Protein chains: 2
Amino acid sequence: MALVNIGSYIEDMATPRPSRLARKPRAQYHHGDLRRALLQAAVRTLQKQGLDALTLRSVGDELGVSRSALYRHFSDKAALLTAVASEGFRLLHDALRTAWEHAGKGRAGSLAMGEAYVSFALEHPWHYRVMFGSGFDLDASDPELRQAGAAALEVLVESLVELQAAGLARQEDVRTQANFVWAVVHGVAMLAIDGSIEHQGADAKALARYAVERLHTGIAPAVP
Amino acid sequence: MALVNIGSYIEDMATPRPSRLARKPRAQYHHGDLRRALLQAAVRTLQKQGLDALTLRSVGDELGVSRSALYRHFSDKAALLTAVASEGFRLLHDALRTAWEHAGKGRAGSLAMGEAYVSFALEHPWHYRVMFGSGFDLDASDPELRQAGAAALEVLVESLVELQAAGLARQEDVRTQANFVWAVVHGVAMLAIDGSIEHQGADAKALARYAVERLHTGIAPAVP
DNA sequence: ACCTGAACACCGTTCAAGT
DNA sequence: ACCTGAACACCGTTCAAGT
């Protein structure tokens with residue numbers, strides 16, 4: 001643990017100043033897909049210990065690699081977090097698509113999607129926060145992130161197009177509708193993982209179900 | 001700017017080691033309500049420069065006070081952020097109450113509240129993120145924070161009770177309804193300040209209006 | 001009681017050097 | 001090409017001392 005400890009540094013002043021080279025080399029290099037390994041280690045740390053524990057040192061240590069090895073694969077910590085967020089959107093996308101298709105699409109499908117969305121957030125709260133947190137820096141203009149986010153939203157749009165075709169949703173701009181639906185599930189998810197709901201003795205998943213039901217009524221075609 | 005700069009520190013070693021006392025004292029102490037001043041300086045920095053710029057040093061400097069003076073008034077940085085969040089909930093509470101009452105309550109009132117909520121988030125994005133961000137630490141169990149958050153939610157509950165009484169909302173558990181409505185506006189607000197909506201060329205406030213309208217339909221009593 | 005300045009134990013990032 | 005270890009410029013926090 002080489003840290004800036006002035007006390008011990010001063011002691012060292014007695015011995016000749018250490019030159020900037022020739023330190024014992026590590027047993028062996030990592031080699032292999034270090035980028036992927038770093039990404040997965042970051043996700044693991046996040047899931048187990050939260051965002052504060054996610055330091056470049058901790059990630060490096062877990063792989064037996066120096067903390068600056070990361071800079072060969074990511075431009076900085078923000079880039080690592082951006083990659084973590086992209087990976088999160090891919091996982092969310094898969095979860096939504098699976099829920100939608102396994103439930104046979106339609107009304108049941110969108111209910112399943114709503115539950116799957118909130119479940120994902122509850123099961124990976126830190127990962128979810130990194131995806132949407134925005135308190136910390138994260139390169140919002142990164143193409144990979146934008147693409148992964150858009151792909152996840154696309155499942156929603158697809159389901160709404162089907163609901164409209166089946167006469168279960170108002171025939172209006174589907175992207176506005178999708179943004180609205182997304183906002184609802186996102187809002188429920190955020191309140192759920194912040195504990196704002198549990199603190200009132202309410203249940204997050206129950207709220208998710210309620211929300212999707214009211215949502216269906218809300219976007220249903222007007223009764224003539 | 002006294003920072004741990006080893007280079008200049010080593011130069012100083014030529015001169016006798018500085019003892020741990022007797023430094024030129026500051027012109028004068030702050031005196032007055034330093035706690036309040038610190039809180040307001042923190043809010044100002046947040047609004048103007050974002051969360052990364054909010055360091056104890058920057059806040060202290062702005063008031064001409066040492067960085068550790070803060071510890072007389074807050075147990076740590078998390079406590080300062082918690083106070084900032086509480087203040088945010090009070091401001092939000094006022095904005096919602098004003099919108100609700102000025103619009104004459106009822107349907108128009110809740111539409112005004114929805115817009116006021118999203119407007120607050122758009123106008124104070126960093127303050128809003130601290131209130132809900134949850135990426136950074138913030139003492140969620142703080143009584144003041146809990147109370148301020150509950151008070152803001154209370155306006156919503158109140159409006160829903162009225163809507164129910166007027167036959168404009170389903171007669172069901174009002175707290176579940178309130179959580180749902182809160183999730184919706186919160187979701188819209190988060191997507192809005194993250195730029196997720198603007199990037200699609202859509203308008204955040206328009207989405208807020210759309211959302212509240214669909215919300216009204218969603219929670220309206222079932223047609224017999 | 002309130003505040004200061006130095007010390008301390010962490011950070012992320014850079015860079016000359018090693019393989 | 002890939003990685004290392006030391007240096008560096010910041011952080012938040014603690015504490016003996018000053019008023």
Side-chain angles (χ1 to χ4, degrees), chain A residues 1-13 15-35 37-38 42 45 51-61 63-81 136-137, chain B residues 1-13 16-35 37-38 42 45 51-61 63-81 136-138:
Chain A
M1 253 202 280
L3 50 94
V4 179
N5 184 323
I6 290 186
S8 67
Y9 193 87
I10 288 169
E11 284 182 74
D12 287 347
M13 298 300 285
T15 70
R17 178 83 183 284
S19 91
R20 239 196 169 196
L21 48 105
R23 285 274 167 224
K24 57 203 155 189
R26 207 176 279 266
Q28 61 179 78
Y29 287 175
H30 182 271
H31 288 133
D33 195 348
L34 182 55
R35 192 194 137 94
L38 286 165
T45 304
L51 189 60
D52 283 349
L54 182 59
T55 68
L56 301 191
R57 280 152 170 89
S58 73
V59 171
D61 283 356
L63 298 175
V65 136
S66 135
R67 49 186 155 293
S68 38
L70 182 135
Y71 288 88
R72 282 294 130 195
H73 303 277
F74 298 97
S75 62
D76 53 18
K77 194 184 182 183
L80 173 64
L81 283 176
F136 28 87
D137 18 51
Chain B
M1 253 202 285
L3 50 93
V4 178
N5 184 324
I6 290 184
S8 67
Y9 194 88
I10 288 169
E11 284 182 72
D12 286 349
M13 297 300 284
R17 178 82 184 284
S19 91
R20 239 197 170 197
L21 48 106
R23 284 274 168 223
K24 57 201 156 188
R26 210 174 277 266
Q28 61 178 80
Y29 286 177
H30 182 270
H31 288 133
D33 195 348
L34 182 56
R35 193 193 136 93
L38 286 164
T45 303
L51 189 60
D52 283 348
L54 182 59
T55 67
L56 301 191
R57 279 150 171 91
S58 73
V59 171
D61 283 356
L63 298 175
V65 136
S66 136
R67 50 185 154 293
S68 38
L70 182 136
Y71 289 88
R72 283 292 131 194
H73 303 278
F74 298 95
S75 63
D76 52 18
K77 195 186 183 183
L80 173 64
L81 283 175
F136 27 88
D137 17 51
L138 187 140

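On a predicted model such as this, the values are computed, not experimentally measured, just so you know. So you know, we letter chains A, B, ... as the sequences are listed, proteins then strands, and number each from 1. Hydrogens, waters and symmetry mates are skipped; everything else that's a heavy atom, side chains included, is used.
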Next on the checklist: At less than 4.0 Å, is any side-chain N or O atom of Arg57(B) found next to OP1 or OP2 of dC10(D)? Yes or no.
Outcome noted: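 No, because none of the side-chain N or O atoms of Arg57(B) sits under 4.0 Å from OP1 or OP2 of dC10(D).
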Item to check | Side-chain N or O of His73(A) closer than 4.0 Å to phosphate OP1/OP2 of dC3(D) | outcome: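 It does, given that an N or O in the side chain of His73(A) lies less than 4.0 Å from OP1 or OP2 of dC3(D).
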Item to check | Pair assignment for dT4(C), Watson-Crick or G-U wobble, requiring both distances under 3.5 Å | outcome: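 With both distances under 3.5 Å, dT4(C) matches dA16(D).
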Item to check | Derivation of the side chain to side chain contact (heavy atoms under 4.5 Å, CB included) call for Leu81(A) and Leu51(A) | outcome: CA-CA 10 Å; Leu81(A) 283 176; Leu51(A) 189 60; 4.3 Å; yes
Distance, rounded to the nearest Å, where [X] contributes [atom1] and [N] contributes [atom2]:
X	N	atom1	atom2	value
Asp52(A)	dT13(D)	CG	P	11 Å
Arg67(B)	dC3(C)	CZ	C1'	13 Å
Leu38(A)	dG12(C)	CG	C1'	15 Å
Arg35(B)	dC2(C)	CZ	C1'	16 Å
Leu80(B)	dC11(D)	CG	P	15 Å
Leu56(B)	dT14(D)	CG	P	11 Å
Phe74(B)	dT13(D)	CZ	P	13 Å
Leu70(B)	dC15(D)	CG	P	16 Å

Checklist entry - Mapping Asp76(B) and Arg72(B) onto DNA chain D by nearest heavy atom, which one lands closer to the 5' end? => result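 Closer to the 5' end of DNA chain D: Asp76(B).
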Item to check | Side chains of Leu70(B) and Asp76(B) in contact at under 4.5 Å (non-hydrogen atoms) | outcome: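 With C-beta onward as the side chain, the pair stays apart.
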Next on the checklist: Quick one, Thr45(A) and Thr55(A) - any side-chain contact, counting heavy atoms below 4.5 Å?
Outcome noted: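 Of all side-chain heavy-atom pairs linking Thr55(A) with Thr45(A), none is under 4.5 Å.
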Checklist entry - Run the side chain to side chain contact (heavy atoms under 4.5 Å, CB included) check on Leu34(B) and Arg72(B) step by step: do they pass? => result CA-CA 9 Å; Leu34(B) 182 56; Arg72(B) 283 292 131 194; over 6 Å; no
Checklist entry - Does any N or O donor sit under 3.5 Å from an N or O acceptor when you compare the side chain of Ser68(B) with the base of dG5(C)? => result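 Side chain to base: pair present.
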Which listed nucleotide ([options]) is nearest to the side chain of [X]?
X	options	result
Thr55(A)	dG12(C), dC3(D), dG12(D)	dG12(C)
Ala69(B)	dT4(C), dC11(D), dT13(D)	dT4(C)
Lys77(B)	dT13(D), dT14(D), dT4(D)	dT13(D)

Item to check | Inter-residue atom distance Leu138(B).CG - Lys77(B).NZ, 0.5 Å rounding | outcome: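 So the gap between those two atoms works out to 11.5 Å.
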